[in-house]
Amino acid sequence: DRYGRKPLLISTITGNCLCYLALAFAPNVLTAFVIRFLGGLASGNGAVIQGYIADVTPPERRARMLSRQGAAWNVGMIVGPAVGGAFAHTDMGPIGFRIPLFIASALSAVAVTGIILFIRESKVRDQSISHRPSRWAAVGEAVTHPVIGRLMLLTFLVGFAFTGIESTFGLWGLARFGWGPRQISVCFAAAGVVASFLQFFVTGPLSERFGAGRMLAIGMAITVVGCALQPFSTGLLTTAMLMCLTAAGQSVAWPNVGAMISRNADPYRQGQILGLNNACGAFARVAGPLAAGLSFAWISVNAPFFQGALIVAPAILLAVSAARRAARRQAEGVTA
């Protein structure tokens, strides 16, 4: 928000480019850890991209554009591992994994070049001090905001549940059906294809027709159903179908979170607020797998799915409440 979107995108993606290149020559695990830590810091640019999209898109079309961003991400999550697997030579030991890292570094360099040549800064930002409260004050304002605070809690709850399920899914498949990497990859690939299709072609039009809040609540409800039914799966087909159902719920819901936050945040601080929401998701990616792993080990192999459904269920009420508050504030003419 203070320095513009383009400089941050160039610097962070350049950082990732260099980290991938350095990782290819890491001499030991400690060095690799430090490199990945720095790369993780540079990867925290999702809010910058969301802020750019919000800058250049009318409010009523933001859910559509943010859903297409999600579709592009899902396609990358499908194609990326396939490319890495195709070019990795596991029989050569650690050195056999250098080529995928070189490819990742090269793709990052291509992305930086494209941003420099083809992307214009979205908006000249106001540099006045009145628009830049302290970080802690900004956190307090976001948490107590009647719409944004609810959406941030929703982001944490859903992220907590879904990342917990993802992290234990391979162990669950092995424990229930004796599956290996092939069956697990089939389930994730199917879910990724469904998510990409829905986010590119379906989520935006539905949100524009029925409203972001309503589609957010519907998506959460679909996610609960998919999570709750997964323990009753009987094999690969039903598991893949239920994974696709859960992915469909996430795809219908998730872009609407960013769209609703961008509409209710101070336009001078969109990136800051979207960044705080992404931080809630990042914290969920730490806590969710930990809780799911413990419930998997100490309660039942099916526990992470039931746990996920129970955690996401309150998010439906949060979505409905946030939508009502947002409509009320819009009717009153409140913009931040």
Side-chain angles (χ1 to χ4, degrees), residues 1-56 65-66 68-85 87-88 94-125 127 132 135 138-139 155 159 163 258 261-262 269-286 289:
D1 295 320
R2 182 174 182 179
Y3 300 106
R5 315 296 191 204
K6 186 172 179 177
L8 266 294
L9 289 175
I10 292 173
S11 60
T12 53
I13 299 176
T14 299
N16 266 304
C17 174
L18 297 176
C19 284
Y20 287 131
L21 186 62
L23 188 61
F25 300 99
N28 52 55
V29 173
L30 179 59
T31 304
F33 178 85
V34 173
I35 293 171
R36 288 303 298 144
F37 178 81
L38 296 174
L41 295 178
S43 296
N45 56 8
V48 182
I49 299 171
Q50 291 177 330
Y52 190 103
I53 292 174
D55 289 342
V56 300
M65 294 299 105
L66 289 171
R68 289 183 177 178
Q69 178 205 359
W73 174 262
N74 281 313
V75 171
M77 292 295 287
I78 296 170
V79 176
V83 172
F87 286 93
I95 195 174
F97 292 91
R98 281 184 175 175
I99 294 178
L101 291 169
F102 291 152
I103 293 174
S105 180
L107 289 174
S108 298
V110 170
V112 170
T113 304
I115 292 171
I116 293 173
L117 295 178
F118 303 112
I119 300 297
R120 296 181 179 180
E121 178 57 51
S122 58
K123 190 182 294 184
V124 177
R125 291 291 164 181
Q127 299 297 313
R132 298 204 305 273
R135 289 174 176 83
V139 172
T155 295
T163 57
I261 288 177
S262 69
R269 297 165 54 200
Q270 278 184 152
Q272 184 181 45
I273 302 301
L274 288 167
L276 289 173
N277 185 64
N278 285 359
C280 289
F283 183 60
R285 289 193 292 274
V286 176

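This one's a predicted model, so the numbers in the text were calculated from it and none came from an experiment. Numbers for residues simply follow the sequence, beginning at 1.
- When all heavy atoms are compared, the tightest approach of G258 to L66 is C-CD1, 3.6 Å.
- Listed here is the closest heavy atom pair of E121 and G4: OE2-CA, 3.4 Å.
- Considering every non-hydrogen atom in both Y52 and R120, the closest pair reads OH-O, 2.6 Å.
- For the atom pair I13 CD1 and T113 OG1, the distance stands at 10.5 Å (nearest 0.5 Å).
- Side chain of N45 to backbone of V48: no donor-acceptor contact under 3.5 angstrom is found.
- Remark: side-chain polar atoms of K6 are paired, donor with acceptor, to backbone N or O of I119 under 3.5 angstrom.
- Of all heavy-atom pairs between L274 and A47, the closest is C-CB, 3.6 Å.
- Nearest heavy-atom pair across G271 and R5 is CA-NH1, 3.8 Å.
- Within the model, atoms CG of L38 and CZ of F33 stand 10.0 Å from one another, a figure rounded to the nearest 0.5 Å.
- For F102 and F25, the distance between ring centers is under 6.0 angstrom.
- Here the CG-CZ distance, from L21 to R98, works out to 10.5 Å after rounding to the nearest 0.5 Å.
- Among all heavy-atom pairs drawn from C17 and S105, the shortest one is O-OG, 2.9 Å.
- Between W73 atom CH2 and I49 atom CD1 the span is 8.5 Å, to the nearest 0.5 Å.
- A donor-acceptor pair under 3.5 Å is absent between the side-chain atoms of Q69 and the main chain of Q50, judged by distance alone.
- With rounding to the nearest 0.5 Å, the separation of CG in L8 from OH in Y3 is 9.5 Å.
- Exactly one of I10, N16, L117, T12 qualifies for a side-chain contact (heavy atoms from CB on, under 4.5 Å) with V112. That residue is I10.
- Put simply, the side chain of S108 gets close to the backbone of A104: a donor and an acceptor are under 3.5 Å apart.
- Atom CD1 of I35 is separated from atom CG of L18 by 11.0 Å, given to the nearest 0.5 angstrom.
- The backbone N or O of A26 sits nowhere less than 3.5 Å from a side-chain atom of T31 that would complete a donor-acceptor pair.
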